[in-house]
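Shown next, in structure tokens, is the structure this report addresses.
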Amino acid sequence: MATATDTPGERSLARLPSDAVRSFKAEFSGEIVLPSDPSYDDARRLWNGMIDKYPAIIARCSGVADVVAAVNFAREHEFSVGVRGGGHNVSGTAVVDGGLVVDLSAMNGVRVDREAGTVRVEGGASLGDVDRETQLFGLATPLGAVSKTGVAGLTLNGGYGHLSRQYGLALDNLVSVDIVTADGRVRTASAARNEELFWGVRGGGGAFGVVTSFEFSLHEVGPEVYAFFAWFRGDEAHRVVDRFREWTETAPRTAGTLAVAAHVPELEEFPESAWGEAAVAFLGSFRGDLADAESVFESLRTGLTPIADFSGPMAFTDLQSMLDEDYPDGLRYYWKSIYVTDLTDELVDVMVRYNESAPSELSTVDLWHLDGAVGEVPRDATAFWHRNKPYMFAVEANWEDPADDDANVTWAREAIADVQALSVGAGRYGNFPGLNEDPGTLLYGENAARFSDLKATYDPETLFVGNEALSERADD
């Protein structure tokens, strides 16, 4: 591994005037971490162990004034800026080689306003932070499905989760945001203030500035819901997806599920005879009358014999955290996605083939059901474009050994390429972007030109990095 003295971070620092960092520290209330500091290696690490970048400065902000100071410093000294919220950004854009990281992890406050039916969430908060506070009142806002995920990155790129079909994407539930733009100004963006900026923030992936707080609308959810989590043999994959396809045509919005091709983990909860075998599972939930839950999912079990079935009532907070152990800090992750219009037999063949050939048994191939409230928002109402697709095909390459990087990345990319060749899919999801190799047009569709114009207005020098690149590079 490279030493700090020959990393991009150290080289970038060397070009600064001798008193620049000292002056920055004097006006900063949080912690400034430099490559020479003992805490530097810990501070630059992200949840995805595949990301190994060396920023020049990590600015651990204590409040909005620190964020303004960091953005101004970066602009004045021509540093690119990455923004670390919860640290679960899978593509690694939260950390920039030779740049400045605005680290919001200490800004994780959550405040519920019961009377207004909203929750104010700081930019460093996780899903678990939000659920913990909102569930005190039997309320929730649509977020993801892993409690350790950061709210900021999830929301700015979309935000699918258990509540999406009923209440929309995380970004659809935004009432307002406070954002520090490239000029160092603190702006509030909402439907009534800075409306065009609010349009871009919802789907823009952090391209326009540092969002220091989010205001979300709340809905009555829980505290108890029904979790649907059943595993079936891999050789029944076509029958499982047939059930899934039929179920999605009439499923109530109070329910949602996805189909996951995986390998049976070596856990005592599963029959030892099935450990390591290819399998297909359903993961979902139902938020209506619990007495109706079994009947809602009955057709998904018909004619199938489960390997294991963990379905049943549970606290909403437990549902949101039940996958946390599957995504530990430091594992290596490469996720890629493509929206699809139909669950054809050929698509299922791809799903089965790549599940069986996965270099790592920790990896999965997923089919998401997306319709409902997400699709009712006009596609030009926010920067998020892909609302009219009923499904998403996603590959999650998850592995441990750095020596296996090439094999796992190639596996994921080839799976997406094979789906694209079927002519049933198009477009990408910003939270499953690979390593940001896809053109922005695949994310933003016909919103790309408007997005690009807005980027030029608020960040003409491209201070903030991320999936805002609108080049026409070929997808790999």
Side-chain angles (χ1 to χ4, degrees), residues 20-34 37 39-40 42-44 46 55-77 79-89 93-96 99-113 116 118-130 132-134 141 149-156 174-190 193-194 197-198 201 206-216 458-459 463-466:
V21 175
R22 185 168 59 252
S23 298
F24 181 28
K25 286 184 175 181
E27 64 172 321
F28 197 83
S29 295
E31 180 186 8
I32 300 296
V33 181
L34 304 176
D37 293 332
S39 60
Y40 176 75
D42 284 337
R44 71 182 180 86
L46 297 175
I57 299 173
I58 300 170
R60 289 174 158 170
C61 301
S62 64
V64 177
D66 278 350
V67 176
V68 172
V71 168
N72 285 338
F73 181 88
R75 185 186 64 253
E76 292 163 5
H77 296 284
F79 282 109
S80 293
V81 175
V83 183
R84 177 185 180 132
H88 272 230
N89 167 260
T93 55
V95 177
V96 185
L100 184 148
V101 175
V102 176
D103 187 334
L104 303 178
S105 56
M107 298 173 58
N108 60 359
V110 177
R111 181 180 178 276
V112 175
D113 186 334
T118 61
V119 59
R120 174 70 65 174
V121 181
E122 288 189 302
S126 69
L127 273 59
D129 293 330
V130 177
R132 183 171 183 269
E133 297 297 326
T134 60
T141 194
T149 306
V151 170
L154 175 94
T155 300
L156 295 173
L174 277 177
V175 177
S176 71
V177 298
D178 289 339
I179 180 171
V180 180
T181 47
D183 56 5
R185 290 181 57 188
V186 183
R187 291 176 163 91
T188 297
S190 68
R193 299 176 63 184
N194 295 303
L197 181 59
F198 191 50
V201 162
F208 305 108
V210 184
V211 178
T212 57
S213 69
F214 301 79
E215 182 186 11
F216 294 97
Y458 283 98
D459 187 16
L463 188 69
F464 301 104
V465 300

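No experiment lies behind these values; they were computed from the predicted model shown.
Between N89 and A94 the shortest heavy-atom distance is OD1-N, 3.4 Å. Nearest heavy atoms, G184 versus V68: O-CG1, 3.4 Å. V33 approaches A43 most closely through the heavy-atom pair CG1-CB, 4.1 Å. Among all heavy-atom pairs drawn from F24 and A59, the shortest one is CZ-CB, 4.3 Å. For V151 against L127, the heavy-atom pair with the smallest separation is CG2-N, 3.9 Å. Of all heavy-atom pairs between F79 and A56, the closest is CE2-CB, 3.7 Å.
Exactly one residue among V101, L100, V81, V96 makes a side-chain contact (heavy atoms from CB on, under 4.5 Å) with P55. That residue is V101. Of the candidates I58, V67, V95, D66, D103 forms a side-chain contact (heavy atoms from CB on, under 4.5 Å) with just one, namely I58.
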Which is it for V64 and D178 under the side-chain contact (heavy atoms from CB on, under 4.5 Å) test, yes or no, and what are the steps along the way? CA-CA 9 Å; V64 177; D178 289 339; over 6 Å; no
Residues S190, E215; criterion side-chain contact (heavy atoms from CB on, under 4.5 Å); working and verdict: CA-CA 10 Å; S190 68; E215 182 186 11; over 6 Å; no
Could you go step by step and tell me if S176 and R120 meet the side-chain contact (heavy atoms from CB on, under 4.5 Å) rule? CA-CA 9 Å; S176 71; R120 174 70 65 174; 3.6 Å; yes
Could you go through the side-chain contact (heavy atoms from CB on, under 4.5 Å) check for H88 and L154 one step at a time? CA-CA 9 Å; H88 272 230; L154 175 94; over 6 Å; no
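The distance from the CG atom of D129 to the OG1 atom of T134 is 10.5 Å, given to the nearest 0.5 Å. Of the inter-residue distances, the one linking R84 atom CZ with C61 atom SG reads 12.5 Å to the nearest 0.5 angstrom. For the atom pair OG1 (T141) and CG (L174), the distance works out to 8.0 Å, reported to the nearest 0.5 Å.
In this structure the side chain of K25 reaches within 4.5 angstrom of the side chain of L34, judged on heavy atoms. Using a 4.5 Å cut-off on side-chain heavy atoms (C-beta onward), T212 and I179 make no contact.
With hydrogens and angles ignored, the 3.5 Å screen pairs no side-chain donor or acceptor of R60 with any backbone N or O of S105. Formation of a donor-acceptor pair under 3.5 Å by the D113 side chain with backbone atoms of T118 is not found in this model. Side chain of Y458 to backbone of A207: no donor-acceptor contact under 3.5 angstrom is found. Between the side chain of N72 and the backbone N or O of A69, no donor-acceptor pair lies under 3.5 Å. Judged by distance alone, the side chain of D459 and the main-chain N or O of F208 form no donor-acceptor pair under 3.5 Å.
Ring orientation note: the planes of F216 and F214 are close to parallel, at an angle under 30° on the 30°/60° scale.
In R187, the CZ atom is crowded: over 12 heavy atoms of neighbouring residues, nucleotides or ligands sit closer than 6.0 Å.
There is a side-chain donor-acceptor pair under 3.5 Å between T181 and D183.
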